[in-house]
Amino acid sequence: QVQLVESGGGLVQAGGSLRLSCAASGRTFSSNAMAWFRQAPGEEREFVATISGSGTSTTYVDSVKGRFTISRDNAKNTVLLQMNDMKPEDTAVYYCAGSPIPIAGTWHLNYHYWGQGTQVTVSS
């Protein structure tokens, strides 16, 4: 059984930083794309960032470019999201997602495996 477990969420003031971690078990994702999505109250789930299986290709939503960094440690089957200079509009539940293919892009249907989510709240 594949499990993705997020950690690292919490409450932070605007301008602060958080680092999210996603640990995968039950399947290795070392060759496959991983991503982070988020969903704010009353909003649809939104793509945040993705990283290719090799780790050499990353894509970000425009609103987080220059502030967020996605990375992966294939030896630990883990993907990270470093979030800096955070803004109140970053407040959401953040979900880790795993894909069965090496490069999966921004479309949520390309990701077959999902974590339960971790709450991130940015106060102004």
Side-chain angles (χ1 to χ4, degrees):
Q1 181 182 358
V2 177
Q3 280 192 314
L4 300 179
V5 179
E6 303 98 336
S7 61
L11 174 65
V12 64
Q13 288 188 332
S17 299
L18 282 176
R19 188 176 77 163
L20 303 183
S21 179
C22 173
S25 61
R27 176 194 170 107
T28 180
F29 287 92
S30 60
S31 299
N32 300 330
M34 300 287 291
W36 289 93
F37 288 75
R38 65 187 179 186
Q39 188 167 18
E43 302 289 333
E44 294 187 350
R45 192 168 296 191
E46 174 191 37
F47 166 80
V48 176
T50 185
I51 186 166
S52 63
S54 65
T56 58
S57 176
T58 57
T59 302
Y60 298 90
V61 66
D62 284 347
S63 61
V64 309
K65 285 181 180 177
R67 301 188 298 119
F68 290 10
T69 302
I70 188 171
S71 62
R72 66 190 300 158
D73 184 339
N74 284 341
K76 296 181 179 179
N77 218 18
T78 298
V79 64
L80 304 173
L81 185 68
Q82 178 67 43
M83 305 184 291
N84 298 328
D85 189 24
M86 297 186 71
K87 303 177 180 181
E89 51 264 41
D90 294 322
T91 295
V93 177
Y94 283 70
Y95 297 91
C96 174
S99 174
I101 57 178
I103 297 176
T106 65
W107 194 32
H108 68 282
L109 291 182
N110 284 341
Y111 297 88
H112 296 186
Y113 308 98
W114 293 85
Q116 293 299 307
T118 185
Q119 177 70 46
V120 171
T121 303
V122 185
S123 63
S124 57

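Just so you know, residue 1 is the first one in the sequence shown, and it goes up from there.
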Ignoring hydrogens, what is the shortest heavy-atom contact between [X] and [Y]? Give both atom names and the distance.
X	Y	answer
N110	P100	O-CD, 3.6 Å
T69	Y60	CA-OH, 3.3 Å
C96	M34	SG-CE, 3.8 Å
A49	L81	CB-CD1, 4.3 Å
F37	R45	CB-CG, 3.8 Å
A104	S99	CB-OG, 3.4 Å

Mind checking whether [X] and [Y] have side chains closer than 4.5 Å, heavy atoms only?
X	Y	answer
E6	Y94	no
H112	V2	no
V79	F29	no
M83	W36	no
Q119	L11	no

**Prompt:** Which value, rounded to the nearest 0.5 Å, describes the distance between Y113 atom OH and N32 atom CG?
**Reply:**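 The distance works out to 8.5 Å.
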**Message:** To the nearest 0.5 Å, what is the distance between CG on N77 and OG1 on T28?
**Reply:** 4.5 Å
**Message:** Can you list everything that forms a ring pair (Phe, Tyr, Trp, His ring centres under 6.0 Å) with F68? Sequence neighbours excluded, please.
**Reply:**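 Applying ring pair (Phe, Tyr, Trp, His ring centres under 6.0 Å) to F68 gives none.
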**Message:** If the condition is ring pair (Phe, Tyr, Trp, His ring centres under 6.0 Å), which residues does Y95 pass it with, not counting sequence neighbours?
**Reply:** none
Donor-acceptor pairs are to be reported for all side-chain atoms of residues 12-26 against protein atoms at under 3.5 Å, with residues two or more places apart or in another chain.
from	atom 1	to	atom 2	distance (Å)
S17	OG	N84	OD1	2.9

**Request:** Could you list all the disulfide (SG to SG under 2.5 Å) pairs where at least one residue sits in residues 52-93, not counting sequence neighbours?
**Result:**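 Not a single pair qualifies under disulfide (SG to SG under 2.5 Å).
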Taking only residues two or more places apart in sequence or in another chain, which ones pass side chain to side chain contact (heavy atoms under 4.5 Å, CB included) with [X]?
X	result
S71	L80
E89	K87
S54	S52, T56

List for me each residue that meets side chain to side chain donor-acceptor pair (under 3.5 Å) alongside [X], sequence neighbours excluded, and say none if there are none.
X	answer
Q116	none
D90	R38, R67
S124	none
T118	none

**Under 3.5 Å: donor-acceptor pair, side chain of N74, backbone of S31** =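 Not confirmed, N74 side chain does not pair with S31 backbone.
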**Request:** Could you state whether I103 and I70 fall into the same hydrophobic cluster, counting links through intermediate Ile, Leu, Val, Met, Phe, Trp or Tyr residues with side-chain heavy atoms under 4.5 angstrom apart?
**Result:**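 Shared cluster, no.
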**Side-chain hydrophobic cluster, 4.5 Å single linkage: members besides V5** =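 For V5, no cluster forms, as it stays isolated from other hydrophobic side chains.
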